[in-house]
Amino acid sequence: MAREFQRGHKAKISDLTAGTDLYVGVQIAAPGLTFDISCFGLDANEQLSDDRYFIFFNQPKSPEESIQLLGAQSGDTESFRVTLDRIPAAIQKLSFTATLDGAGQMSQIGPGYIRIVAGGEEVVRYAFTGSEFTTERAVMLGDFYLKDVWRFAAVGQGFDGGLDALLKNFGGEVAEEEAPPAPAAAAPGFAPPAQATAPPAFGAPAAPSAPQAPQPAPSFGAPSAPTPPPAPQQPVHTAPTIAAPLAPQAPQAPSPYGQPQQPQFGQVPGQAAPPAAPFGQQAPAPYGQPAPAPYGQQPPGSMTPGAPQGVPQGVPATGAGLQAALQPYKETATGQRWTPQNQQLMRVDLTMGGAGVLARQGSMVMYQGKVDFGYKSAGFVGRAVGNATGQEMQLMRCTGRGQVFLADEGSHLHPVELQGDGICVSAENVLAFDESLQYEVRRVEGHGIPGGALFTMLFQGTGTVVVKTHGTPVVLPVTPTTFADCNAVVAWSAASQVIVSSQVRLRRNAYPGHSGETVNLQFRGAPGNFIVVQPYEV
């Protein structure tokens, strides 16, 4: 029986099926709307570093045919064949997406799904409806991702910008539409690339490719015959995406070729002259002086304010301006529920996972969408325990549909994902956590310390807790001789045995010169246990 996934659910493929030859079917439809369904093969940085792994109707398979587009069949709008054990090591993630071709919004779609079939049997299905979206024009439906082993995640994250936004999110570039071609004219100036084998451009093609040969029905659990090769591609979509669209050259552009005159400012020798001012224009330091400056650069002290200057050689065309300056700080959207934006800022997507988030009061710095913030009461007993143990957490509940950005006084933030295990963290080092986690105060017994005991918070279950530290922490394995200062320890594995090792002695504190290290914690446990220590003492 197929497992029903909700948005944000994840599972190992090996827990769903023992097979590696999988059928992926997508069903999505809306009256009067047309959809393009694609698969992006991403690297370890979740970037489309190899265009050949963008699988869509104009490029229906990867080079080794580990990912193949099969077409509509068995009630699916689009379907794929994925052979996990043939995917190259450079591909760490497969993202299945749907985008609108033309006007419309994802809120208009009817009930749809993405499903996985293995051995002729459906093993998992993630169902969605248009009520889960608003103005989005593209949506990431589900991911296969490699984390020790291949896993599947139900994503359901939308993008308002459609395919362009998806491509930019994955590091691709959208090929701009050129002016309408003149079919009756002579061969274009860039006719030589007509037989190029570069991957197709990412831009939505102006005309669909030749119809594919009939595909096998997905009784498909382990299809034996690969899909027939598609008809030869037309050269109109063979331009590589990393190249800017080629513009027709002006008639006078070839004049510099083969002539001895100097190149213009900002022009590399051998390139066509740009439609700029002629060589006769006034220049502060023309190429011909005894000590010429590098191409595209002005000699020191010769820049005239307000005068047009050449572009320095080696600087990309998009490397200047406001957008380029802000590019390193753009929002990072990975399709995961918790995403670090940098070391001090955490983004949580409430549209994934279903449950709300509990965060430290006042930690919200920005949010997007429809988000509700409510006070989380600990109750009388909880306040009493918190006051007595020092583990009281002033929390707020974040619910709704949107993204919340959290931070706390520039502390370094670390999302720790729990999958049925547990971790002990001091309450002062907790920024936020999934409401699905169970938490309680744990007592660490000891003699010779104030109050007779230390306390910490124990988190257990399935979800994520965000731990904050002063500086970059270090994670150490637990050994019989592992000791740590109780004020520097941030967290430790729940299975570790903790023993208080106190050095408080009257004779040591009765005179100056003692070490000042009074209370330490000794950790013991089986191999695999750990402690987290920050480079800071309270």
Side-chain angles (χ1 to χ4, degrees), residues 1-5 9-28 36-44 46 48-98 112-127 140-155 199 211-230 335:
M1 182 177 178
R3 292 178 57 178
E4 295 288 341
F5 272 26
H9 282 190
K10 307 173 185 177
K12 297 179 181 178
I13 297 295
S14 58
D15 293 341
L16 303 174
T17 176
T20 59
D21 199 356
L22 307 177
Y23 171 93
V24 179
V26 175
Q27 204 285 326
I28 184 171
D36 292 329
I37 301 172
S38 313
C39 176
F40 291 84
L42 309 176
D43 59 20
E46 299 190 357
L48 187 65
S49 56
D50 190 337
D51 299 341
R52 299 174 299 170
Y53 289 88
F54 174 38
I55 309 303
F56 67 120
F57 67 86
N58 206 30
Q59 183 168 257
K61 60 183 178 180
S62 59
E64 72 293 324
E65 300 186 358
S66 62
I67 314 165
Q68 302 178 38
L69 185 70
L70 303 180
Q73 55 181 306
S74 299
D76 297 331
T77 310
E78 189 61 88
S79 60
F80 299 82
R81 179 182 180 181
V82 177
T83 310
L84 293 177
D85 53 3
R86 296 180 60 187
I87 296 177
I91 303 300
Q92 302 278 300
K93 186 175 184 178
L94 304 180
S95 182
F96 295 90
T97 67
Y113 59 79
I114 178 172
R115 63 173 180 155
I116 301 176
V117 178
E121 178 183 356
E122 184 175 319
V123 295
V124 67
R125 175 183 291 235
Y126 161 49
M140 294 191 300
L141 301 174
D143 294 340
F144 287 167
Y145 65 99
L146 188 60
K147 187 178 180 182
D148 301 328
V149 295
W150 281 103
R151 305 166 187 252
F152 174 73
V155 181
Q212 299 183 10
Q215 305 296 337
S219 51
F220 182 85
S224 56
T227 56

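In what follows, every heavy atom counts, from backbone to side chain, and hydrogens, waters and symmetry copies are set aside. Please read these numbers as outputs of a predicted model, since none were measured by experiment.
- We find the CD-CD distance between Gln73 and Glu78 to be 9.0 Å, quoted to the nearest 0.5 Å.
- Applying the side chain to side chain donor-acceptor pair (under 3.5 Å) test to Ser66 and every residue at least two apart in sequence or in another chain returns Ser62, Glu64.
- Contact check for Leu22 versus Ile13: side-chain heavy atoms found under the 4.5 Å cut-off.
- Atom OG of Ser79 sits about 12.0 Å away from atom CD of Gln27, to the nearest 0.5 Å.
- Scanning all heavy atoms of the two residues, the minimum distance from Ile91 to Ile87 falls at CB-CG2, 3.6 Å.
- Side-chain contact between Leu141 and Val155: absent, with no pair of heavy atoms (C-beta onward) separated by less than 4.5 Å.
- Judged as a ring-ring contact (aromatic ring centres under 6.0 Å, His included), and not counting sequence neighbours, the contacts of Phe96 are Phe80, Phe144.
- The side-chain heavy atoms of Arg3 and Phe152, taken from C-beta on, include no pair separated by under 4.5 Å.
- Taking both residues in full, the closest heavy atoms of Thr17 and Val123 are given as CB-CG1, 4.3 Å, listed atom of the first, atom of the second, then distance.
- Applying the side chain to side chain donor-acceptor pair (under 3.5 Å) test to Thr20 and every residue at least two apart in sequence or in another chain returns Asp85.
- In this pair, Phe54 and Phe56 present their aromatic rings parallel. The plane angle is below 30°, not in the 30 to 60° band.
- A side-chain hydrogen bond (donor to acceptor under 3.5 Å, both in side chains) check over residues 87-98, counting only residues at least two apart or in different chains, returns the pairs Glu46-Lys93, Lys93-Asp143, Ser95-Asp143.
- The CZ atom of Arg151 lies 9.0 Å from the CG atom of Leu146; values are rounded to the nearest 0.5 Å.
- Between Ile37 and Phe57 the shortest side-chain heavy-atom distance does not fall below 4.5 Å.
- Note that the CD atom of Glu4 and the NE2 atom of His9 stand 11.0 Å from one another [nearest 0.5 Å].
- Two residues are said to be in side-chain contact when any heavy atoms from C-beta on lie closer than 4.5 Å; Val26 and Thr77 fail this criterion.
- Remark: Tyr145 pairs with no residue by the side chain to side chain donor-acceptor pair (under 3.5 Å) rule, at least two apart or across chains.
- Closest of all the heavy-atom pairs between Cys39 and Leu94 is SG-CB, 4.0 Å.
- Considering only residues two or more places apart in sequence or on other chains, Tyr53 meets the ring-ring contact (aromatic ring centres under 6.0 Å, His included) condition with none of them.
- The CD atom of Glu65 lies 9.0 Å from the OG1 atom of Thr83; values are rounded to the nearest 0.5 Å.
- Heavy atoms only, all atoms of each residue included: Tyr113 and Gly75 are closest at OH-O, 3.7 Å.
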Item to complete: Would you please test Ile114 and Val24 for side-chain contact (heavy atoms from CB on, under 4.5 Å) and show each step?
Response: CA-CA 7 Å; Ile114 178 172; Val24 179; 4.0 Å; yes
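- By the 4.0 Å N-to-carboxylate-O rule, Asp76 lies close enough to Arg115 to be salt-bridged with it.
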